[in-house]
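Please read all numbers here as calculations on a predicted model, not as lab measurements. Values reported hereafter were calculated over all heavy atoms of this structure, with side chains retained and with hydrogens, waters and symmetry mates removed.
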Amino acid sequence: MVNILWGVLIIIGITYGLLSGNIGAINDEVITSAAKGLDMILEILPILVLWMGLMKIAEDSGLLKKIAEWFYPLLSKLFPSLPKQSPALGYIASNIAVNMMGLGSAATPFGLKAMKAMQEINKKKDEASEAMITFLVLNTSGVTLIPTTVISLRMLNKSSNPTEIILPSILATLIASIGGLTLDYIIRKRRRKT
Amino acid sequence: MSKISIVIIPLIVLSIIIYGYSKKINIYDSFLEGAKEGLLATFNIFPPMIAMVFAINIFLKSDFIEFALGFLSPFLKFLNLPLEILPMALLRPISGTSTLVIMNELFVIHGPDSLIGRLASVIQGCTDTTFYVMSLYFGSIKVLKTKYALKVGLFADLCGIIASFIIVRLFF
């Protein structure tokens with residue numbers, strides 16, 4: 001599906017640019033977009049190196065296993081295919097916990113470690129496993145308790161109550177997660193049958 | 001609220017270090033080993049990141065979104081929803097930075113405490129950028145066949161955005 005979508009974005013962009021006479025802007029984009037991608041990579045590179053280093057300490061010392069044990073009752077229901085001793089559960093728990101605090105960039109390294117741990121027990125290495133997709137749904141629906149960026153921008157724009165959107169945001173994010181997890185569950189069940 | 005967020009990260013770092021000492025492991029060696037993995041992970045993310053930024057930026061720059069909005073506007077009017085919010089709702093799964101910019105613009109024009117301002121806040125907060133997370137996470141482990149992941153991720157986004165519309169109406 002990403003294969004299709006990636007191509008479709010480019011085809012629509014260039015075709016519409018040609019039709020609307022906006023092709024100059026597209027031309028600039030073709031030339032400069034790779035540099036923008038590099039900028040993004042350079043932005044996350046130091047964060048990843050630092051936090052993956054710190055997390056290795058947490059893994060080697062057994063702290064991660066402890067965290068995984070606390071959350072195991074809940075996580076085992078969401079990820080039935082992951083064995084209890086898998087370090088993936090610890091990373092998943094840490095990723096979700098940090099994400100909930102609204103610290104997205106600090107959560108990414110945990111997420112990448114979780115993916116790596118799930119890949120180690122994945123049977124088909126080039127294919128996404130069920131656990132990976134469930135984890136991805138949890139991540140993209142962004143279980144955030146404190147949307148820090150939104151609140152700070154509201155403050156900057158002189159909102160009389162910058163934090164009033166916290167509860168509505170939590171509810172909306174919950175519904176997004178529940179919706180995603182439900183579809184994920186239905187697809188998994190259907191795939192088992194066939 | 002912000003005070004809590006300020007201490008969280010330092011506290012996480014502190015507890016990792018202290019716990020490592022208490023278990024008598026070589027924390028410095030562990031750190032270096034993990035940091036190297038971080039370097040490798042970034043290396044793996046690089047190609048999918050370039051690919052995604054390329055496609056998304058071409059799409060955004062073509063102004064196709066504005067063209068598509070023309071067709072959707074009668075439908076939105078029928079639902080009594082503000083038109084201004086639509087670009088945000090459509091772009092949310094594709095690009096986090098561009099929706100952040102749009103949100104800020106909406107705050108400046110309509111104020112953060114208006115219906116549009118609140119809607120923008122909740123939409124921004126309710127989901128993460130599906131495309132970005134997908135290319136990042138699957139790219140890092142070189143998984144190319146993502147199966148039904150995108151479908152489920154986008155469905156979650158849709159649920160979140162529809163829920164935002166309803167919840168903001170009910171709350172304020």
Side-chain angles (χ1 to χ4, degrees), chain A residues 1-2 6 9-10 12-13 16-17 22 25-26 29 33-34 36-37 40-41 45 48-49 52-58 60-61 63 101 111-112 115-116 119 126-128 133 136-137 139-142 144 147-148 150 153-154 157 159-160 165 168-169 171-173 175-176 179-180 183-184 187, chain B residues 1 5 8-9 16 19-20 23 25 27 30-31 33-35 37-39 41-42 46 49-50 53-55 57-59 61-64 104 107 112-113 118 121-122 124-128 130 133 137 140-141 143-153 155-156 159-160 163-164 167-168 171:
Chain A
M1 199 166 172
V2 181
W6 188 72
L9 282 177
I10 297 174
I12 291 180
Y16 188 73
N22 204 10
I26 307 271
E29 212 46 56
S33 74
K36 283 181 196 160
M40 285 169 87
I41 285 287
L45 172 80
L48 279 183
V49 171
M52 286 204 153
L54 287 171
M55 271 161 13
K56 191 74 192 169
I57 302 176
D60 290 349
S61 64
L63 180 62
M101 307 297 174
L112 293 178
M115 293 299 279
K116 203 174 167 223
Q119 177 73 326
D126 61 332
E127 254 183 43
I133 296 176
L136 217 93
V137 173
N139 243 282
T140 61
S141 59
T144 311
T148 38
V150 175
L153 275 175
R154 288 174 64 82
N157 285 286
S159 165
S160 58
I165 47 90
S169 296
L171 283 175
T173 203
I175 291 172
L183 183 65
D184 175 53
I187 292 176
Chain B
M1 200 66 81
S5 337
I8 283 172
I9 292 199
I16 289 174
Y19 197 85
K23 294 287 165 190
I25 60 157
I27 55 170
S30 293
F31 179 88
E33 198 188 319
E37 275 176 36
L39 206 58
T42 322
F46 192 44
M49 190 74 117
I50 295 280
V53 171
F54 178 66
N57 280 348
I58 284 179
F59 181 72
K61 274 286 149 66
S62 74
D63 294 330
F64 180 77
N104 200 42
F107 283 171
D113 298 327
R118 283 167 174 156
S121 310
V122 176
Q124 182 70 24
C126 81
T127 77
D128 207 332
T130 301
V133 176
Y137 281 16
S140 73
I141 50 167
V143 162
L144 295 175
K145 291 178 191 151
T146 56
K147 298 203 285 199
Y148 54 96
L150 187 63
K151 205 187 328 180
V152 182
F155 180 72
C159 291
S164 306
I167 290 166
V168 169
F171 257 77

Can you find a side-chain donor-acceptor pair between A:Ser33 and B:Asn57 that sits under 3.5 Å?
no

Which bit of B:Ile16 comes within less than 4.5 Å of chain A, counting heavy atoms only: side chain, backbone, both or neither?
both

From the list B:Gly38, B:Gly20, B:Ser62, the residue making the most non-hydrogen contacts under 4.5 Å with chain A is B:Ser62

Of the listed residues (A:Lys116, A:Lys36, A:Met55, A:Glu127), which shares the most heavy-atom pairs with chain B below a 4.5 Å separation?
A:Glu127

Tell me whether B:Gln124 contacts the main-chain N or O of A:Val150 through its side chain, where contact means a donor paired with an acceptor under 3.5 Å.
no

Residue pair B:Lys147 / A:Ala128: nearest heavy atoms and the distance that separates them
CE-O, 2.9 Å

B:Lys23, part contacting chain A, at a heavy-atom distance under 4.5 Å
side chain

Pick whichever of A:Ser160, A:Ala172, A:Ser61, A:Ala34 has the most heavy-atom pairs under 4.5 Å with chain B.
A:Ser61

For the pair A:Asn139 (side chain) and B:Val133 (backbone), establish whether a donor and an acceptor sit closer than 3.5 Å, ignoring hydrogens and angles.
no

If the plane angle is over 60° it's perpendicular, under 30° parallel, otherwise tilted; pick one for A:Trp6 and B:Phe54.
tilted

What part of B:Ile25 is in contact with chain A, defined as an atom under 4.5 angstrom from a non-hydrogen atom: side chain, backbone, both or neither?
side chain

Is it true that a side-chain atom of B:Thr127 and a backbone atom of A:Ser141 form a donor plus acceptor pair closer than 3.5 Å?
no

For each of A:Gly17, A:Gly180, A:Ala58, tally heavy-atom pairs with chain B at distances under 4.5 Å, and name the one with the top tally.
A:Gly180

Min side-chain heavy-atom separation B:Leu39-A:Leu45 under 4.5 Å:
yes

Sort out for me which of B:Ile50, B:Asn104, B:Asp63, B:Asp113 touches chain A most, counting heavy-atom pairs under 4.5 Å.
B:Asp113

Go through A:Ser169, A:Gly111, A:Pro168 and name the one with the most non-hydrogen pairs under 4.5 angstrom from chain B.
A:Pro168

Correct closest heavy-atom pair for A:Leu136 and B:Ala149 would be CD2-CB, 4.5 Å

Heavy-atom pairs under 4.5 Å with chain B are the metric here; pick the option from A:Leu171, A:Leu63, A:Leu183 that has the most.
A:Leu63

Could you tell me which non-hydrogen atom of A:Ala176 sits nearest to which non-hydrogen atom of B:Cys126, and how far apart they are?
CB-O, 4.2 Å

May I ask you to decide if A:Ala25's main-chain N or O and B:Lys61's side chain share a donor-acceptor pair within less than 3.5 Å?
no

Heavy-atom pairs under 4.5 Å with chain B - which of A:Ile10, A:Ile165, A:Ile41 has more of them than the others?
A:Ile41

Taking all heavy atoms of B:Arg118 and all of A:Arg154, pick out the closest pair and write down the distance.
CA-NH1, 4.2 Å

When rounded to the nearest 0.5 Å, the distance separating CZ of B:Phe64 from CG of A:Leu9 is 10.5 Å

Measuring only between side-chain heavy atoms, which start at C-beta, is B:Tyr137 closer than 4.5 Å to A:Leu112?
yes

B:Phe46 portion near chain A, given a 4.5 angstrom heavy-atom threshold
both

With rounding to the nearest 0.5 angstrom, report the NZ to CG distance, B:Lys145 to A:Asp126.
4.0 Å

Check whether A:Ile187 gets within reach of chain B through its side chain, its backbone, both or neither, counting any heavy atom under 4.5 Å.
side chain

Among B:Ile141, B:Val53, B:Val168, who wins on heavy-atom pairs under 4.5 Å with chain A?
B:Ile141

Can you tell me how far NZ of B:Lys151 sits from CG of A:Asp184, rounded to the nearest 0.5 angstrom?
11.0 Å

Quick one: pull up CD1 in A:Ile57 and CD1 in B:Ile27 and give me the separation to the nearest 0.5 Å.
5.0 Å

Sort A:Asn22 into side chain, backbone, both or neither according to what part of it lies under 4.5 angstrom from a heavy atom of chain B.
side chain

Side-chain heavy-atom pair A:Ile175, B:Ile167 within 4.5 angstrom cut-off:
yes

